[in-house]
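For reference, the structure is listed below as structure tokens.
No experiment lies behind these values; they were computed from the predicted model shown.
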Amino acid sequence: MMLLAAADVGLAASWITGFKEPEVRHSLDIPRDVPVVALLAIGYPDGIGSLPERAPREDVISWGRWHDKPGRLP
């Protein structure tokens with residue numbers, strides 16, 4: 001809901017995972033019994049930078065099982 005609410009008022013938002021929980025907990029004074037699962041960054045967008053070209057779908061998708069080369073059947 002927070003992501004939708006942010007977008008509704010023209011803000012950009014993004015989930016952040018893989019952070020250093022002890023540092024976040026200390027900086028925000030979060031009690032030890034409250035789990036920190038993710039952070040949510042919200043702010044005014046500065047435009048979208050150039051995105052890298054995507055790899056072809058057949059190079060990155062495997063169907064049904066793991067393969068050495070995605071998209072190919074053994």
Side-chain angles (χ1 to χ4, degrees):
M1 290 296 285
M2 290 288 291
L3 292 171
L4 294 174
D8 194 44
V9 295
L11 296 172
S14 179
W15 283 102
I16 301 172
T17 60
F19 51 88
K20 296 178 181 177
E21 184 176 350
E23 293 178 18
V24 169
R25 186 177 298 285
H26 176 75
S27 296
L28 300 176
D29 199 24
I30 299 172
R32 295 183 67 115
D33 62 331
V34 176
V36 182
V37 179
L39 303 175
L40 184 61
I42 301 176
Y44 293 99
D46 190 26
I48 296 176
S50 61
L51 299 174
E53 186 175 324
R54 287 183 170 212
R57 187 181 321 184
E58 56 275 357
D59 289 351
V60 295
I61 297 176
S62 290
W63 299 100
R65 63 175 89 159
W66 184 267
H67 301 289
D68 288 336
K69 297 199 181 235
R72 283 188 346 167
L73 291 176

Leu39: what forms a side chain to side chain contact (heavy atoms under 4.5 Å, CB included) with it, not counting sequence neighbours? Ile16, Phe19, Val24, Val36
Sequence neighbours excluded, which residues qualify as side chain to side chain contact (heavy atoms under 4.5 Å, CB included) partners of Ala7? none
Show me the pairs that pass side-chain hydrogen bond (donor to acceptor under 3.5 Å, both in side chains) and involve residues 2-25, at least two apart or across chains. Glu21-Arg25
Ala13 and Ala6 have their tightest heavy-atom pair at CB-CB, 4.0 Å
Between [X] and [Y], is there a shared hydrophobic cluster once you connect ILVMFWY residues whose side-chain heavy atoms come closer than 4.5 Å?
{"X": "Leu28", "Y": "Ile42", "result": "no"}
{"X": "Val37", "Y": "Ile30", "result": "no"}
{"X": "Met2", "Y": "Val34", "result": "no"}
{"X": "Leu11", "Y": "Leu4", "result": "no"}

